[in-house]
Amino acid sequence: MSYQQITIVGNLGRDPEMRYTPGGQAVTNFSVATNRQYTTSNGEKVKETVWFRVSAWGRQAETCNQYLSTGSQVLVEGRLTPDRESGGPRIWTRNDGTPAASFEITAGRVVFLSGRGDEGGGGGGGQGAYQGPPDDFGGMDDDEIPF
């Protein structure tokens, strides 16, 4: 038996986008940026941002679409979904010509960490029930958001 799970905490780069599959199941996609800051051995401060594209399904998709917005802080638990062509992260080029990558996550659980009064909106406490996808679905500048 194999198993993988990823947990991230970050902020939405854009408002979520919800659609329905031909079978009528809701799916909401949103981008989450995680940030890490560190100082190199020569004293240089480095800020590292990693983007994740998250897909939430079923009732949880509807809840995410209703309560999340740009800047909302979330905790996402789920599984990595590899790019169908490369088997790895999705590779793309920013508007300034520099390379970037995003990682795809199919959410098992989304926890809203921003309260209603917090900047960036978001709904407090809602988690939604997870309904897995069918087997055949797999505060940044706009030019840095990969989708």
Side-chain angles (χ1 to χ4, degrees), residues 1-39 45-95 98-147:
M1 180 168 113
S2 297
Y3 181 77
Q4 58 135 326
Q5 182 169 348
I6 184 169
T7 303
I8 63 167
V9 174
N11 296 84
L12 267 70
R14 288 199 177 147
D15 288 343
E17 296 177 5
M18 188 171 79
R19 63 179 175 82
Y20 289 90
T21 65
Q25 187 173 29
V27 59
T28 295
N29 294 310
F30 53 93
S31 58
V32 176
T34 62
N35 296 303
R36 174 180 170 239
Q37 293 186 26
Y38 62 93
T39 304
K45 292 190 184 243
V46 177
K47 182 178 179 182
E48 178 182 89
T49 300
V50 178
W51 283 99
F52 294 88
R53 182 175 169 91
V54 179
S55 298
W57 293 81
R59 180 107 171 123
Q60 182 167 250
E62 295 168 349
T63 304
C64 287
N65 187 60
Q66 182 177 357
Y67 292 107
L68 295 177
S69 61
T70 302
S72 296
Q73 187 176 46
V74 293
L75 178 147
V76 177
E77 293 179 345
R79 64 178 170 80
L80 282 175
T81 306
D83 181 76
R84 289 183 179 175
E85 292 179 19
S86 71
R90 181 172 162 237
I91 306 298
W92 52 282
T93 303
R94 292 184 181 106
N95 288 345
T98 59
S102 65
F103 301 87
E104 311 283 327
I105 297 176
T106 301
R109 183 168 80 122
V110 178
V111 180
F112 305 161
L113 300 177
S114 299
R116 289 188 188 273
D118 293 347
E119 186 172 328
Q127 293 181 17
Y130 175 64
Q131 297 176 10
D135 290 338
D136 59 335
F137 283 91
M140 302 304 295
D141 293 332
D142 280 348
D143 65 343
E144 291 184 292
I145 300 173
F147 19 80

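Just so you know, these numbers use all the heavy atoms, side chains as well, and skip hydrogens, waters and symmetry mates. Note that the coordinates shown come from a computational prediction; the quantities given were computed from them, not determined experimentally.
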Mind checking whether [X] and [Y] have side chains closer than 4.5 Å, heavy atoms only?
X    : Y    : value
I8   : V32  : yes
S72  : Y67  : no
E77  : Q5   : yes
T7   : L75  : yes
I105 : T81  : no
W92  : S102 : yes
F52  : V76  : no
V50  : T34  : yes

[atom1]/[X] to [atom2]/[Y] distance, rounded to the nearest 0.5 angstrom?
X    : Y    : atom1 : atom2 : value
R53  : T106 : CZ    : OG1   : 11.0 Å
Q25  : Y20  : CD    : OH    : 10.5 Å
S31  : E17  : OG    : CD    : 9.0 Å
R109 : Q60  : CZ    : CD    : 9.5 Å
R90  : R84  : CZ    : CZ    : 13.5 Å
Q37  : K47  : CD    : NZ    : 6.0 Å

Would you please test V74 and L12 for side chain to side chain contact (heavy atoms under 4.5 Å, CB included) and show each step?
CA-CA 8 Å; V74 293; L12 267 70; 3.9 Å; yes
S55 side chain to N29 backbone, donor-acceptor under 3.5 Å
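Looks like no, no N/O pair under 3.5 Å.
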Strictly distance-based, threshold 3.5 Å: is any side-chain N or O of Q4 a donor or acceptor partner for the main-chain N or O of L80?
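Looks like yes, one N/O pair under 3.5 Å.
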Closest contact, heavy atoms only, [X] versus [Y]:
X    : Y   : result
G13  : T70 : O-CG2, 3.7 Å
A26  : A61 : O-CB, 3.7 Å
T49  : A33 : CG2-CB, 3.9 Å
S114 : G71 : OG-O, 4.4 Å

According to side-chain contact (heavy atoms from CB on, under 4.5 Å), who are the partners of N65, at least two apart in sequence or on a separate chain?
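Result, side-chain contact (heavy atoms from CB on, under 4.5 Å) vs N65: P16, M18, T28.
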The test is side-chain hydrogen bond (donor to acceptor under 3.5 Å, both in side chains); show your working for D15 and S69 and say whether it passes.
CA-CA 4 Å; D15 288 343; S69 61; 4.6 Å; no
Side chain to side chain contact (heavy atoms under 4.5 Å, CB included) evaluation trace for T39 with V46
CA-CA 6 Å; T39 304; V46 177; over 6 Å; no
Please identify each residue that fulfils side-chain hydrogen bond (donor to acceptor under 3.5 Å, both in side chains) with Q66, with sequence neighbours left out.
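Expected list: none.
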